Amino acid sequence: MVLDLLAPFAAQLQKPTLAFLFGGMALAALGSRLEIPEPVYRFIVVLLMLKIGLGAGISLREANPAEIALPALIAVVLGIAIVLLGRVTLARAPGIAPADGMATAGLFGAVSASTLAAAMVMLEADDMTYEAWVPALYPFMDIPALLTAIVLAQMARGGTVRIGAILADSARGAAVSALGLGLVLGIVARPDAVHAEFYEPLFRGLLTILMLVMGMEAWSRLAELRHSAHAHAAYALTAPLVHGALGFGLGYGAHLATGFSAGGVVLLAVMAASSSDISGPPTLRAAIPQANPAAYLGASTSLGTPMALLTIPLWMALAQVVM
Amino acid sequence: MVLDLLAPFAAQLQKPTLAFLFGGMALAALGSRLEIPEPVYRFIVVLLMLKIGLGAGISLREANPAEIALPALIAVVLGIAIVLLGRVTLARAPGIAPADGMATAGLFGAVSASTLAAAMVMLEADDMTYEAWVPALYPFMDIPALLTAIVLAQMARGGTVRIGAILADSARGAAVSALGLGLVLGIVARPDAVHAEFYEPLFRGLLTILMLVMGMEAWSRLAELRHSAHAHAAYALTAPLVHGALGFGLGYGAHLATGFSAGGVVLLAVMAASSSDISGPPTLRAAIPQANPAAYLGASTSLGTPMALLTIPLWMALAQVVM
Amino acid sequence: MVLDLLAPFAAQLQKPTLAFLFGGMALAALGSRLEIPEPVYRFIVVLLMLKIGLGAGISLREANPAEIALPALIAVVLGIAIVLLGRVTLARAPGIAPADGMATAGLFGAVSASTLAAAMVMLEADDMTYEAWVPALYPFMDIPALLTAIVLAQMARGGTVRIGAILADSARGAAVSALGLGLVLGIVARPDAVHAEFYEPLFRGLLTILMLVMGMEAWSRLAELRHSAHAHAAYALTAPLVHGALGFGLGYGAHLATGFSAGGVVLLAVMAASSSDISGPPTLRAAIPQANPAAYLGASTSLGTPMALLTIPLWMALAQVVM
């Protein structure tokens, strides 16, 4: 069974998505002056989130609300559980300031749009189907995770905690906004043609550019990580595996209980394994100002995201073995 | 007949173009941090104008110059008439500085590239055909309107009026330049393949992004409008209807006289109803420095453009009823 | 035979690639405010180089290394020979500072990604085939040319020359990095689907935008050229023809010796005729700080690049006549 898990893993490494990630790392390591301009990068993320939202929205029109309830609940539970887990592990580790630990746990509980998109493309390339509304579970895990981390950090500091304000701020992030807009338009505005002819064809191509950026970012942030405590690095390397396994386990439960698809279980595991790269950081910076961004961003961008991406073939192989 | 007008109007509200406009407004109203980076936005506008120009240029190769003459003349007349109308209404309204009134009238006489693009996509989605050169009438309405407003404002101030210089400056704006370049290349350079394989497929998709930006801009400029006179708001809400009806009426005359298409009449009405968002403002700022940009931009962006977009289904329904 | 050469030349002038170049020049000459935002322009260049690399890498998987050896050697020889030729002509011309002359010769020995892309599109439009790995010869000519110019300039100044550092710096430029990354991924990562569905369709369309930018840049840099010595202008106008003929001659030798394709000979001539616009200038600025960027950039951008683009139909016609 170990071989069954390793073979598809090795195969994925030769496919474009992960190859562009490693390519970006290699370019940064070699000191290349190649860069994807920041405004273009931000636009690509908006397009991907709009696309994920539109696709999910279109499929929600015909979906049975009952079948969404359990996976959505699991997403919320995972978002909160991951942060609570971080509180009793990372935030208590030696050399870690509690606020830094909580912010890092919040980022790892939140979801990375690019990692989710990578998983969607990899599932489609391997013909593993999933309910098209699964990617729309993104905010169900992302917002509770950020909320939990911020509430715990603010409670520790002893100030007044205004849950409504934190919730609203999380939902206003660029990625959640774009996904939410796509979702609503997908349900009410019949964007099927423009989705199929514009957003869908661009999706796979633009993802290669995103992977490149993530690889370059990961490498160049490694230096920052060196200045922070070892526990951060240890957490960033193991958390994607632990969180993903948690997500896979709960998703597998939904598979047994309600026939949730194998691809859906993989996406749930990937969302749990991933850590937020776009929307989460500004929200955390505003709400937990006492935490050091270099610590949580370094851990998440340089190690957490690449690790989460590398676990995608693992969940896919696991799904094929057990389902 | 009122029902005949309302039913397609309601139907259009559920289609992507207007839905993205309202989506943008909703995001801005909810305080979303989503934004389309400025350089990307400006590039999209250039692409759309190049596409409109190329398409019109390709069709002009086989067009009969005689059939273009009347609609082109109507476009010029509309551009001038709208500004003159603004002079005797808005510019004389209580609480309105004459220069502000003239600049606003100039913007409302000029044409919005994005609104025109939206009308083209909506006509094509409903299979209403138009002569492919009609969008190239854009500068025939846009430049005379800006010219008239600037000349009137400069005459009121008593300085020397240099019509040639104003004309040249209007034609150098980004939108008119891109459309003019596309037009010339479409006629002489056989870009049919690259138009069909690159510009055309991107057109509909990028329009959704533009609509999103216009919705967000409209909402965030509403605050500015609050500080200016009520007459500005009243003008911005009614002018698109009045100007569009004027355009529709003259276009309908061309339909009766020379068989100008129903889709062409709609596009003429939309150009008349729309107000300039890209090219006009910098031209006016340079030529009528005594006018307050917050006044004319606020009126045009926050109310004029959304109103003009909302009237598109009206002209389409009217065309289907009377032609 | 002169007519045989002129007819396809005239025909190419009516095709989109060169027409967009002239269109850009015309817009700049008329003072248009149209501009392609800098971040978008840089992103387009990265996409084109990634595409060239991916395409070449995919084809290298099945290529016979032996057939690549001779053209690659010719590319290296051309890169060095062009710079040496510039040393004994331009760098000794009256009124030319030797460092300016060497930097200019280095730029003209290096390769323009956009000019190469234009030649690829023009060959494909005329159904002239070439070995798909030929564009990957880019760095084989580009790096030796920059290296030779920098070494000669540093030797003339009498400092220590560190060839390894110069070589590494040239390879780190954005264009060479993107091409190298594409090349490696094309060989190892099976990106065939994303290449065919995303990179390839965008290639021709984005090239029209690049041509537009190059035309506008060429015109606006002409003014700079006026301040520098006449020898610069004379060199910039004749070098593309001389270098291209050199490249064509050596490429034709490879055609006779090993059956190198006619399209491949044309691409080799175009690379030799072209001068670097993206990667070369920053490398030269850092390594030959005593040279005046206005001199070498003015010569290359305003005259060298348009001339090189205009010679493409010449090499195509020549290839059709002699092969």
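Computed from a predicted model, the values in this text were never measured in an experiment. Numbered from 1 within each chain, the chains take letters A, B, ... in sequence-line order.
The number of heavy atoms from other shown groups lying within 6.0 Å of CZ (C/Arg61) is above 12. The environment of A/Tyr199 atom OH is dense: over 12 non-hydrogen atoms of other residues, nucleotides or ligands sit within 6.0 angstrom. In this structure, A/Arg190 places its CZ atom where only 12 or fewer heavy-atom neighbours from other residues, nucleotides or ligands lie under 6.0 Å away.
The parts of A/Leu202 that come within reach of chain C are both its backbone and its side chain, each placing non-hydrogen atoms under 4.5 angstrom from that chain. Neither the backbone nor the side chain of C/Ala175 comes within less than 4.5 Å of any heavy atom in chain A. Heavy atoms closer than 4.5 Å to chain C are found nowhere in A/Glu38, neither backbone nor side chain. Looking at A/Leu27, only its side chain comes within 4.5 Å of chain C, counting heavy atoms on both sides. For A/Tyr41, no part sits under 4.5 Å from any heavy atom of chain C, backbone or side chain. Contacts of C/Val194 with chain A are made by side-chain atoms alone, with heavy-atom separations under 4.5 Å and no backbone atom involved. A/Leu18 does not touch chain C: none of its heavy atoms, backbone or side chain, sits under 4.5 Å away.
Of the residues considered (A/Ala19, A/Pro201, A/Ser32), A/Ser32 shows the highest number of contacts with chain C, using heavy-atom pairs under 4.5 Å. Between chain A and the options C/Asp169, C/Asp192, C/Val176, heavy-atom pairs under 4.5 Å are most frequent for C/Asp169. Heavy-atom pairs under 4.5 Å with chain C peak, among A/Ala125, A/Pro39, A/Gly31, at A/Gly31.
Across C/Ile163, C/Thr160, C/Ile288, C/Ile166, a single residue satisfies side chain to side chain contact (heavy atoms under 4.5 Å, CB included) together with C/Gln154, and that is C/Ile166. Results of the side chain to side chain contact (heavy atoms under 4.5 Å, CB included) test with C/Ser112 over C/Leu107, C/Asp277, C/Asp142 single out C/Asp277 as the only residue that passes.
With rounding to the nearest 0.5 angstrom, the CG atom of C/Leu183 is 12.0 Å from the CH2 atom of C/Trp133.
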message: Before you tell me yes or no, could you show the steps for A/Arg204 and A/Glu124 under salt bridge (Lys or Arg N to Asp or Glu O under 4.0 Å), namely the whole-Å CA-CA distance, both residues' side-chain angles and the distance that decides it to 0.1 Å?
response: CA-CA 10 Å; A/Arg204 213 191 303 189; A/Glu124 277 153 32; over 6 Å; no
